Amino acid sequence: MFPASRPRRLRRTPALRELTRETHLRPEALVYPLFVRHGKGVKTEIASMPGQYHFSPDTIVAEAGAALEDGVRAVLLFGLPDAKDAEGSEAWSDDGAVQVAVRSLKKAFPDLLVITDVCLCEYTSHGHCGVIEKGGVVNDATLPLLARAAVSHARAGADLVAPSDMMDGRVAAIREALDEENFSDTAILSYAAKYASAFYGPFREAAGSTPQFGDRRAYQMDPANVEEAMREIALDIDEGADLVMVKPALAYLDVIRRAKDAFPVPIAAYNVSGEYAMLEAAAARGWLDRERAILETLTSIRRAGASIILTYHAREAARLLR
Ligand code: PBG
């Protein structure tokens with residue numbers, strides 16, 4: 001009790017504050033998402049995500065090299081196809097932008113961790129994450145397509161594949177297909193608790209993956225649910241997920257904490273495009289101290305229990321942490 005107890009004593013100097021700090025943000029925990037399209041010399045800024053770009057397989061190598069210099073050792077790739085079709089067939093093409101980029105990145109930087117997003121929505125003409133029948137996304141017919149995409153990423157050299165589609169059973173289907181093709185060392189980072197969120201807005205503009213009809217609520221999770229997230233995570237771990245993700249991060253910090261307390265696997269959290277865009281927009285108007293807001297945001301995600309954070313601020317945060 002006061003006056004014997006004075007918590008301010010431990011806040012008096014930077015050294016005391018650092019001595020007693022509970023949460024540490026490290027560049028090694030950050031994953032940098034990147035968008036890749038076909039072509040050469042492409043570096044086009046994404047309107048809805050200022051400071052983020054579309055790259056081609058050559059320029060993405062330079063960007064990843066710069067990220068490595070900043071201290072970021074892992075990237076997550078999203079692909080933009082030249083042509084879309086009903087099945088999303090470029091998702092598993094060995095000549096897809098992602099597959100080409102993975103090969104270039106692993107050749108240039110063998111130690112860079114390359115993670116690939118496995119989904120069909122960027123590749124399908126209708127913008128949904130699976131096969132459409134009778135106006136809806138059908139689950140089981142989608143699984144072999146996702147597995148094919150994951151295998152093509154592994155063949156290109158991806159270290160981890162990250163299914164983000166939210167079909168039931170996709171982790172098992174992908175694990176089985178990878179093992180059959182002798183990719184038993186390729187790990188699965190599953191977007192296990194992925195919510196149907198408004199915060200993906202800027203990404204859909206960046207990836208050209210807005211659904212052409214309806215929305216994703218019949219496969220992505222209801223934002224109101226947390227018990228269901230525990231069930232999704234448990235299923236994915238049973239099916240062979242090596243790491244699991246909660247997405248988005250900021251409106252779901254409680255879900256991250258529950259996952260961390262319940263499951264003995266590394267928990268990843270995705271600080272998504274809308275969270276990035278909000279911070280950037282406010283900072284651009286001078287309403288927020290940008291650098292402090294970035295570090296405070298990422299620290300909160302760590303404090304909630306995420307060991308891995310996927311963030312468009314990865315490079316900048318790594319530089320700030322030096
Ligand atoms: C693809 C996918 C999405 C994101 C990652 N993978 C969009 C979606 O589900 O609509 C969102 C990433 C972000 O907003 O930063 N299924």
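Treat the numbers as computed from the prediction; the structure is a model and nothing was measured. Each ligand, and each atom within it, is numbered from 1 in the order the structure gives. What you see below is based on every heavy atom in this structure, not just the backbone, and it leaves out hydrogens, waters and symmetry mates.
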Considering non-hydrogen atoms of the protein only, which is the closest contact for atom 11 (C) of ligand 1, and what is the distance? K247 NZ, 2.9 Å
Give me the residue, atom name and distance of the protein heavy atom closest to atom 14 (O) of ligand 1. S273 OG, 2.7 Å
Can you see whether Y276 engages Q52 through a side-chain donor-acceptor pair at a distance of less than 3.5 angstrom? yes
Ignoring hydrogens and angles, state whether a donor on the side chain of E280 or H313 is under 3.5 Å from an acceptor on the partner side chain. yes
For atom 15 (O) of ligand 1, find the nearest protein heavy atom and state the residue, atom name and distance (0.1 Å precision). Y312 OH, 2.6 Å
Which atoms of ligand 1 have any heavy atom of Y270 under 4.0 Å away? 12 (C), 15 (O)
Check each heavy atom of S164 against ligand 1 and say whether those closer than 4.0 Å belong to the side chain, the backbone, both or neither. both
Atom 9 (O) of ligand 1 [closest protein heavy-atom partner, distance rounded to 0.1 Å]: K194 NZ, 2.7 Å
Note: R258-D254 ion pair, threshold 4.0 Å (strictly below): no
For the residue pair D95 and S93, confirm or rule out a side-chain donor-acceptor distance under 3.5 Å. no
Is the count of non-hydrogen atoms from other residues, nucleotides or ligands lying under 6.0 Å from D185 atom CG greater than 12? no
Nearest protein heavy atom with distance in Å, relative to atom 10 (O) of ligand 1: R204 NE, 2.6 Å
Does Q220 come within less than 4.0 angstrom of ligand 1, counting non-hydrogen atoms of the residue? yes
Under a 4.0 Å heavy-atom limit, does D165 contact ligand 1 with its side chain, its backbone, both, or neither? neither
Closest to atom 3 (C) of ligand 1 among Y200, Y219, F203, F78 (heavy-atom distance): F203
Parallel, tilted or perpendicular, judged at 30° and 60°: which one describes the rings of F35 and H54? perpendicular
Using distance alone, with no hydrogens and no angle criterion, decide if Y32 and E63 have a side-chain donor and acceptor under 3.5 Å apart. yes
Taking only non-hydrogen atoms of C121 and a 4.0 Å limit, the atoms of ligand 1 in range are 1 (C), 16 (N)
Examine ligand 1 and decide if any of its atoms is less than 4.0 Å from a heavy atom belonging to S209. no
CG on L113 to CG on L68, rounded to 0.5 Å: 9.5 Å
